[in-house]
Trainee: 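Here it is, the structure in full.
If you read the sequence from its start, that first residue is 1, and numbering goes on from there.
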Amino acid sequence: MPLNIPVLAVRQEWAHLIATSYKTDEHRLYPAPTKYIGKDIAIYASLTAPKKEEIQAIKDFFNVNYSEGRAERWDLQLKPRGYIVAVATLKNSRRVSREEFNSSYLTHANPLSWYVLGKSHLWGLCNIRPLYHLDNLIKFKFSGSMVWSSIPAETLRAQGVDL
């Protein structure tokens, strides 16, 4: 078992979508580090407040899901930031075409206008274990690059996360 688990910073409300399994692909403009493929990663809801266009994108995403019967109405109350909100397995990383990006909207929740030719990658997530049901979310002080940090695996296990 690993001593540390990599931590991926994701802006809230996107982190909440991952924790609730509505979002199973994370959109980035570069491939995921190969050393993390097939490994558990923690999802950190960053302290950065969502931008106006991100809030609108979330509303649009839930309107589509709600109208197709796949989701309840979205609770627009902002979710906690600065916490580990889930642990997931990073299944894969793939560069996607505009057509694939558009057709997989329901797995990544990003508007087509965010697609960047030759750069857009989807990082597949599976085995998502949300931490919202636990008594205490794991407060986390992010350190390291703007995207990755790490947390001792024991900290997650102590909170009941099955690694």
Trainee: Sequence neighbours left out, what passes salt bridge (charged side-chain N to carboxylate O under 4.0 Å, His left out) with Arg11? Give chain and number order.
Mentor: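 Counting only residues at least two positions away or on another chain, Arg11 forms a salt bridge (charged side-chain N to carboxylate O under 4.0 Å, His left out) with Glu54.
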Trainee: I need the full list of side-chain hydrogen bond (donor to acceptor under 3.5 Å, both in side chains) pairs touching residues 82-94, with sequence neighbours left out, sorted by first then second residue.
Mentor: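 The answer is Asp25-Arg94, Asp40-Thr89, Asn92-Arg94, Arg94-Glu100.
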Trainee: Would a distance-only check, ignoring hydrogens and angles, find a side-chain to backbone donor-acceptor pair under 3.5 Å from Glu13 to Ile55?
Mentor: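 Pair absent, no side-chain N/O of Glu13 close to backbone of Ile55.
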Trainee: Is there side-chain contact between Leu125 and Ile18, with at least one heavy-atom pair below 4.5 Å?
Mentor: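 Heavy-atom side-chain distance check passes, below 4.5 Å.
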Trainee: Flag the pair Val96 / Ser104 as yes when at least one side-chain heavy-atom distance between them is below 4.5 Å, and no otherwise.
Mentor: no
Trainee: With sequence neighbours left out, write down each residue that passes side-chain contact (heavy atoms from CB on, under 4.5 Å) with Lys119, or none if nothing qualifies.
Mentor: Leu29, Val116
Trainee: Should Phe61 and Leu106 count as side-chain neighbours, where that means a heavy-atom distance under 4.5 Å?
Mentor: yes
Trainee: Indicate the atoms forming the closest heavy-atom contact of Ile37 with Ala32, along with that distance.
Mentor: CD1-CB, 4.1 Å
Trainee: Roughly how far apart are His121 NE2 and His108 NE2, rounded to 0.5 Å?
Mentor: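 Spacing of NE2 (His121) from NE2 (His108) equals 14.0 Å.
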Trainee: Would you indicate whether Lys141, at its atom NZ, is surrounded by more than 12 heavy atoms from other residues, nucleotides or ligands within a distance under 6.0 Å?
Mentor: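 Open.
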Trainee: So Arg129 and Leu163, do their side chains get closer than 4.5 Å, heavy atoms only?
Mentor: yes
Trainee: Mind checking whether Tyr36 and Trp123 have side chains closer than 4.5 Å, heavy atoms only?
Mentor: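 When only atoms from C-beta onward are counted, Trp123 and Tyr36 do not touch, as no gap falls below 4.5 Å.
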Trainee: Measure the spacing between CD of Gln159 and CD of Glu154 and express it to the nearest 0.5 Å.
Mentor: 10.5 Å
Trainee: Out of curiosity, Ile84 CD1 to Leu8 CG, how far, rounded to the nearest 0.5 Å?
Mentor: 9.5 Å
Trainee: Side-chain heavy atoms under 4.5 angstrom apart, residues restricted to Ile, Leu, Val, Met, Phe, Trp, Tyr: same cluster for Leu122 and Val10?
Mentor: no
Trainee: Is there a donor-acceptor pair closer than 3.5 Å between any side-chain N or O of Arg28 and the backbone N or O of Glu26?
Mentor: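 Looks like no, no N/O pair under 3.5 Å.
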Trainee: Can you name the one residue among Ile5, Val87, Thr155 that meets side chain to side chain contact (heavy atoms under 4.5 Å, CB included) with Val161?
Mentor: Val87
Trainee: With sequence neighbours left out, what residues match Leu112 under side-chain contact (heavy atoms from CB on, under 4.5 Å)?
Mentor: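 By the side-chain contact (heavy atoms from CB on, under 4.5 Å) rule, Leu112 matches Arg98, Phe101, Asn102, Tyr115.
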Trainee: So do the side chains of Trp148 and Val7 get within less than 4.5 Å of each other, counting heavy atoms only?
Mentor: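 Not touching, per the 4.5 Å side-chain cut-off.
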Trainee: If I take atom CD from residue Gln12 and atom CD1 from residue Ile43, how far apart are they, to the nearest 0.5 angstrom?
Mentor: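 Rounded to the nearest 0.5 Å, the CD-CD1 separation comes to 11.0 Å.
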Trainee: With rounding to the nearest 0.5 Å, note down the distance linking OH in Tyr22 to CD1 in Ile128.
Mentor: 12.5 Å
Trainee: Can you tell me how far the CZ atom of Phe142 sits from the OG atom of Ser150, to the nearest 0.5 Å?
Mentor: 9.0 Å
Trainee: What pairs of residues pass the salt bridge (charged side-chain N to carboxylate O under 4.0 Å, His left out) test when at least one of them lies in residues 104-116, not counting sequence neighbours?
Mentor: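 Every pair satisfying salt bridge (charged side-chain N to carboxylate O under 4.0 Å, His left out) with a residue in residues 104-116: there are none.
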Trainee: Does any part of the side chain of Ser120, heavy atoms only, come nearer than 4.5 Å to the side chain of Arg95, both counted from C-beta?
Mentor: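 A side-chain contact under 4.5 Å is absent here.
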Trainee: Tell me, do Asn110 and Lys23 make a side-chain contact under 4.5 Å, heavy atoms counted?
Mentor: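 Of all side-chain heavy-atom pairs linking Lys23 with Asn110, at least one is under 4.5 Å.
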Trainee: Mind checking what makes side-chain contact (heavy atoms from CB on, under 4.5 Å) contact with Pro111, not counting sequence neighbours?
Mentor: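 So Pro111 forms a side-chain contact (heavy atoms from CB on, under 4.5 Å) with Ala57, Ser113, Trp114.
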Trainee: For Ser103, is there any backbone N or O sitting under 3.5 Å from a side-chain donor or acceptor partner on Glu99?
Mentor: no
Trainee: Do you know which two heavy atoms are closest between Ala109 and Leu17, and how far apart they sit?
Mentor: CB-CD1, 3.9 Å
